[in-house]
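A quick write-up on the structure given underneath.
In this text the structure is predicted, and so the values were computed from the model without any measurement.
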Amino acid sequence: MLAVLASAAYFIRTVLRRLRPMRAARDRNLGFDRVARRLWSVFAEVVLQTRVIRERPVAGLLHALVMWGFFAFAWVSLEHFATGFFGLDTAEAGHSWYADFAGVWAVAVLAGILGLSYRRFVVRPRALGDHLSRTSALVTILIVTLMATYLADWLVLDPPSESWRLNWWVHSAALLGMLWLIPNSKHLHLVLAPVAIFFRGSVTSSMRALREEDDDDFGMISFADLSQKDVLDVNSCVECGRCTDNCPANLIGGTLDPKRIVLQMQKGLLAGGDTIVGDEARISRGEAWIHERELFECLSCGACEVACPVGIEHVGFKILDLRRGLVSEGRTSSDRLSQMFTTMERSPHNAWGVSQEVRRKLLRTEALPIYGKGFEWLLWLGCGCSYDAHGHEVVRSMQRILDAAQVSWGVLASETCCGEPARRTGNEYLYLELSEQTIGALRSNGVRKIVTCDPHCARMFDVDYRQQPEFRELGIEVVHHSELLAGLVDSLPLGGSAGTVTFHDPCYLSRGRGVVDQPREILRGLGADLREMEHHGERTFCCGAGGGQLYIADDSVELPGGRVNHRRFEEAETTGADTVAVACPYCPIMLRDAAGQAGRDEIRVVDVAELVAERLPSPGAATG
């Protein structure tokens, strides 16, 4: 009894010590909305192990066998200690049906843990790291001991023999050993993962709003800036490396490793560190834990968050918030980053550095209606559709479609960048300045509904802007153009077929907004032969432009794994489709470049709106 109480007390005290920074955290980032959906996520991902199995089916199933086995053994363990409490002499020979049930699970757990151990210590996948984890070895030994002693008790030994007593004590020691080992290792995720999963956001790469009442909040700089969810996350990491396996920047040979980011934050937090990010000198002296260059390789695509089986949010709450802290302190060394900020600060206030006259010419040439009283939808062009030649084609297509569907719509006479590149690269002040201008324009024009072809803009309006009361009070509905077109395509007079098409899911649409089905509904409505790439839906692979990389990436640097856009185009090429459909103005820039580099310019890269417009009757053609 004393051993049980001492072990339980140590377990609780150590867990509370690991979580103590949550008490001092100034931000919670703990959402209590959508409770039913959150509880379902916990059930599906913890009890059913869906995400673990989906990511790595073989290893995931082995892990699930161990987890399910411990669920089955919960009652057995209670009975085991109850026997010790009432006295070993009271034990009787014989087995219940539940003992037989647990015996079957003991065999399954042994198969699972031995399979995982073989993978961990013999196969040694890159994602698990080069070092041999002593705690993993100890946990393996303890689990094997627990299962072996149970099987011996079930199949061979009968109480109250001396061998049975010895076996009982060995089993007890292994159980209590788990209570001492779990809170001091990655296996703490067994306790914290359900909580982290419950509080995980509904979409990836979300950034917190700076505290309005705190003039010293400039983003994440020190460990004191970690939110309660951050503390949960860094202590929940299971070190499986799924985040790293799915990170496009890492896969091409970059220094960014989402797993390492989280583990370095964990080490710094446990060591009582102050500053999180620093240069090589500060890191070598133990004064900082993460290098700046790692953070600015991030594409903010959210692939790491979707892959994570324990609910860690790597991007918005950590990587992007650390970028914000660096920029606010003026501790960034990238010339391209500084150049982008300068370009956006000056007129015409867009990261492209293109004159507003380009946009005005588009409005004049195509006679785009100017939004005013009585219009239903504002078509927000965004920088991509305002200044890029292909973006102009998308606007023309939207004009034909909306007019054919008799939708009441218009565009603003003048737009300011919504500030997405600035916020994703850490310049919160510039973002707030640009968003203030945009919100003012929306208010003065009485806008109530926005449709945009840019999922980055849609995400900014529907998530980031709603952090500002000035925008929330406007009550504006925001949709991506694929969402609107999916509801219109059946009513349009479409002809012909779109042919063989593969759809590239933009990260900020599929993962950042949760829109996956609507673009495919459009393509099926066009009679397309839809062929999916290996990575699609929320499992999509980034085109390489997100997180500000379109503007700040140094294309002169050749990484061993090539380029992200080339990898993505290779997937599209493998499908055999003659058309790659997109739904973001950044993606065709990246994929067309990759197609040209591959000598495959005959493969079309077009927006879903263009495919719809191509199937409409020509202007003036008879429709009867």
Side-chain angles (χ1 to χ4, degrees), residues 366 379 385 389-407 409 451 453-455 479-506 509-510 515-541 543 568-592 594-596 598-624:
E366 303 303 325
L379 176 61
C385 288
H390 179 248
H392 291 178
E393 291 299 324
V394 177
V395 174
R396 294 184 185 101
S397 297
M398 285 296 293
Q399 181 180 26
R400 289 193 63 198
I401 296 167
L402 295 176
D403 287 347
Q406 298 183 335
V407 173
W409 68 283
V451 57
C453 305
D454 190 337
V479 301
H480 182 258
H481 77 309
S482 64
E483 297 174 90
L484 182 62
L485 295 182
L488 298 177
V489 68
D490 288 341
S491 64
L492 292 171
L494 302 175
S497 171
T500 305
V501 181
T502 187
F503 180 67
H504 163 71
D505 292 271
L509 186 64
S510 60
V515 173
V516 171
D517 297 332
Q518 292 89 329
R520 290 169 172 79
E521 291 172 11
I522 296 170
L523 295 174
R524 293 189 185 98
L526 299 176
D529 175 10
L530 183 60
R531 301 183 181 181
E532 297 287 10
M533 291 184 242
E534 177 185 354
H535 295 92
H536 61 275
E538 72 165 8
R539 309 287 302 151
T540 189
F541 195 84
C543 74
R568 185 52 168 170
F569 181 75
E570 287 170 5
E571 280 196 25
E573 196 176 13
T574 303
T575 66
D578 52 32
T579 300
V580 179
V582 297
C584 172
Y586 292 164
C587 298
I589 295 173
M590 305 302 291
L591 295 177
R592 285 180 169 183
R600 297 300 307 273
D601 288 316
E602 77 278 8
I603 297 179
R604 302 174 67 212
V605 181
V606 293
D607 193 274
V608 290
E610 293 177 274
L611 291 176
V612 174
E614 288 171 0
R615 315 256 98 62
L616 287 172
S618 301
T623 59

*State, yes or no, whether a side-chain contact exists between Asp607 and Ser397 at a heavy-atom distance under 4.5 Å.*
no
Check your understanding: Does the side chain of Glu571 come under 3.5 Å of the side chain of His504 through a donor N or O and an acceptor N or O?
Key -> no
Rounded to the nearest 0.5 angstrom, the CD1-CD distance for Ile401 and Glu610 is 9.5 Å
TODO: Give a yes or no on whether the backbone of Val580 and the side-chain of Thr502 come within a donor-acceptor separation of less than 3.5 Å.
DONE: no
Run the side chain to side chain contact (heavy atoms under 4.5 Å, CB included) test on Cys385 and Asp454 for me, step by step, so that the C-alpha distance in whole Å, both residues' side-chain angles and the decisive distance to 0.1 Å come before the verdict. CA-CA 8 Å; Cys385 288; Asp454 190 337; 6.0 Å; no
CZ (Arg524) and CZ (Phe503) are apart, to the nearest 0.5 Å, by 11.5 Å
Shortest non-hydrogen pair, His481 vs Ala609, comes out as CD2-CB, 3.9 Å
CG of Leu616 to CG of Leu494, rounded to nearest 0.5 Å, is 5.5 Å
CD (Glu602) with more than 12 external heavy atoms under 6.0 Å:
yes
- Task: Consider only side-chain N and O atoms of Arg568 and Thr540, and report whether a donor and an acceptor are under 3.5 Å apart.
- Result: yes
Note: Arg400 and Pro617 closest approach over all heavy atoms is NH2-O, 2.7 Å
Arg520 and Asp505 ion-paired at < 4.0 Å: yes
